[in-house]
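Written out below as structure tokens is the structure these notes cover.
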Amino acid sequence: MKKYILLLAAFCFVWCGAPVWAQSPEVVVGSVTPLTGKLSVYGEGFQQAMNLALDEVNAEGGINGKPMKIFFEDNNSTSKGSVSAIQKLITVNKFPLIFGPAASSNFLAVCPIAQQNRTILIGAESAAADITKCGSYVFRVFPSDLLQGIGVAELAESLGYKEVVLTYVNNDWGVGLADVFKEKFTAKGGTIIDEFPHDEGKTDYRSEILRIKKANPKAVVNLTYIKEGAMLLRQAYEANVTVQWLMGSASKSPKLVELAGGAAEGVIGTYPTFSQETPAYQAYKSAWEAKYPDKKMPIFGEYNYDMVKLTARALRLAKSMDPDDIRAALFEAGKGYVGVTGDKTFDENGDVGAVYGRWTVKDGAITDYK
Amino acid sequence: MTYYAQLLLNGIIAGSVYALFAVGLTMVYGVFRFINFAHGELIAFGAYFVLFFIGAPFSLPLYAAVAPALTLTIIVGLTQDRFVYKPLRHRSHITLLIASIGLSFLLRNIIRLIWGSDLQTYGVALTRGVTFFGLSLTWIQIVMMATAVVFLGFLYVLLTRTMLGKSLRAVSDNMLLADIMGISMKKVGRTVWVLASIFAGTGGILMAVDTNLEPLMGLTNLIKAFAAVLLGGAGNVWGALIGGLFIGVAENLGVAFFSPGYKDFISFSIIIIMLLFKPRGIFGIAGGVR
């Protein structure tokens, strides 16, 4: 009998007491990252940018003397994969803070789980306006589309277009963006002559083009992705529709020009931007070139870099690793923090502001619109 | 008025390509009595093989790439039959159906493996459409319609005027009886796969010239073809032709009344309505290549 009690005591010594005296020698946060699947081409760059920031954090002494680590969990670029990844990070690894997955749909799939489990979730690439409503534990260092809708409305207004046709991709992202645009554009006295969503992933948009032709506008606001945008531009050109196309940031890609050819010429769009002339950006650039001399700087790498640096700053300030303490520290750390991608002051929803630039297609290349 | 006429015209063009897809699908059904879900991949393979031949090291011009591409598509079609469907021929229709779903996944992923998931184009130069009586058309749309007319005309002659066509119809009427009468099942089966592959592949190529290519292109078009087949009565070649045209026109004219964002809703609604009320098609004919 005595033997069993001793054994039990020994067990208890190892297991019950473990969290108390086995203070972790490092600070680990989780990350749901697309390392396989269709977004993996981007995921690799995100991971490298995060690791670059991590190196700098640890060179500066880590989190109050302890090294910081990121535990990457793959989500196979899907919502389902993101959900199982975050469930593992929360229940098995018990991380108080997790970097969320790329693509708004994946991010939206995991944000209720993080919110429910009182786990901080931070996104670096998710733009959907709905993310604002995810809850008090959800943050992002990437500007919300809400701001972009306003940006496009301002673009149309500044170019002097009072009447436009509005078309948008028929999903959460497109509808949300279109709503913001409409509200802002009509409030300033603009008129939307015709408005219709278009399906994602289709190749034949000729009937949609006819609707535009029928309305006979001077400008069309087309809030869409690369592929859909390119097909719309191309088929409008073939149908002899000549309008000024106004687009958002999701279509700003050399692939759009490749697919649409000459039909993309003259498109004007907006995109969230930040100055590449700042010392912060230059430092990021040279650090990147030193660590990855053979690799091009990835899209959204800067946002991932800022996310890690800002998180480290917050973790240093946090009273404990409790999510509520980290949350308070994040607001504190963001206040007036200017990273590579600009001001990262969080509003009460955990969103950041943005500066919008303008792009256009000239001679088959994407350039800044002046 | 021109607005509706243009929608109608766009519908006829889209529908003529759907008809090319549907005819092959319905012929396979007529003879072998199962819906070949991998038919969509024949569409995609046709298009991707052209991409293969216009790229290095062949660098063929587009028109020259069509023949070798279709030859390879036929090989894919015949291989489907030889290694998957033939060994299962005497099993239940459900087995064949499930096998074809599996095969379609396999083939789609082969496309992804070889050419990647990204969108591709043939890089056809951009042209302004031509205008007749206020209706605009691009040259590729004209080619699409002309090809459909030629192909379907050829099929009509084949089915009604040749021995091969007649035996094909006999087999689809009654496979056992045709076998007893000495019609070569092997030959008929091969003909059906060759025709289905050519029709699907050609439609795929036309679509890719008109728009672009992606691994899922077969699946999206299969749904249209399936709706056309149901509408015309499974196994009925001319029903599939009319079904294809109907769906193309309905989808495009629908835009005038609903939002264009719900174009696919029309083909899905047709599938559901047909399955519920008229599973044998509007012509009410059961089976048989007619």
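Here is how names work: the chains are called A, B, and so on, in the same order as the sequence lines, proteins then strands, and each is numbered from 1.
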With only heavy atoms counted, which part of [X] is less than 4.5 Å from chain A, the side chain, the backbone, both or neither?
X: B/T127; result: backbone
X: B/T211; result: both
X: B/T131; result: side chain
X: B/E214; result: side chain
X: B/N10; result: side chain

How close do [X] and [Y] get, counting heavy atoms only, and between which atoms?
X: B/L119; Y: A/K227; answer: CD2-CG, 2.7 Å
X: B/S136; Y: A/A239; answer: OG-CA, 4.0 Å
X: A/N240; Y: B/G129; answer: ND2-O, 3.5 Å
X: B/D210; Y: A/M231; answer: O-CE, 4.3 Å

Value rounded to 0.5 Å, distance of [atom1] in [X] from [atom2] in [Y]:
X: A/K213; Y: B/Q6; atom1: NZ; atom2: CD; value: 6.0 Å
X: A/E258; Y: B/T121; atom1: CD; atom2: OG1; value: 5.5 Å
X: B/L7; Y: A/S207; atom1: CG; atom2: OG; value: 6.0 Å
X: A/R206; Y: B/Q141; atom1: CZ; atom2: CD; value: 4.0 Å
X: B/Y4; Y: A/K214; atom1: OH; atom2: NZ; value: 5.0 Å
X: A/T203; Y: B/L216; atom1: OG1; atom2: CG; value: 11.5 Å

Counting only non-hydrogen atoms closer than 4.5 Å, does A/A260 touch chain B with its backbone (N, CA, C, O), its side chain (CB onward), both, or neither? backbone
Counting only non-hydrogen atoms closer than 4.5 Å, does A/E200 touch chain B with its backbone (N, CA, C, O), its side chain (CB onward), both, or neither? neither
If you count the non-hydrogen atoms of other residues, nucleotides and ligands that lie under 6.0 Å from [atom1] in [X], is the total more than 12?
X: A/K218; atom1: NZ; answer: no
X: A/Y271; atom1: OH; answer: yes
X: B/Y3; atom1: OH; answer: yes

Among B/T220, B/T2, B/V124, which has the most heavy-atom pairs under 4.5 Å with chain A? B/V124
Hey, is the main chain of A/Y237 close enough, under 3.5 Å, to the side chain of B/R128 for a donor-acceptor pair? yes
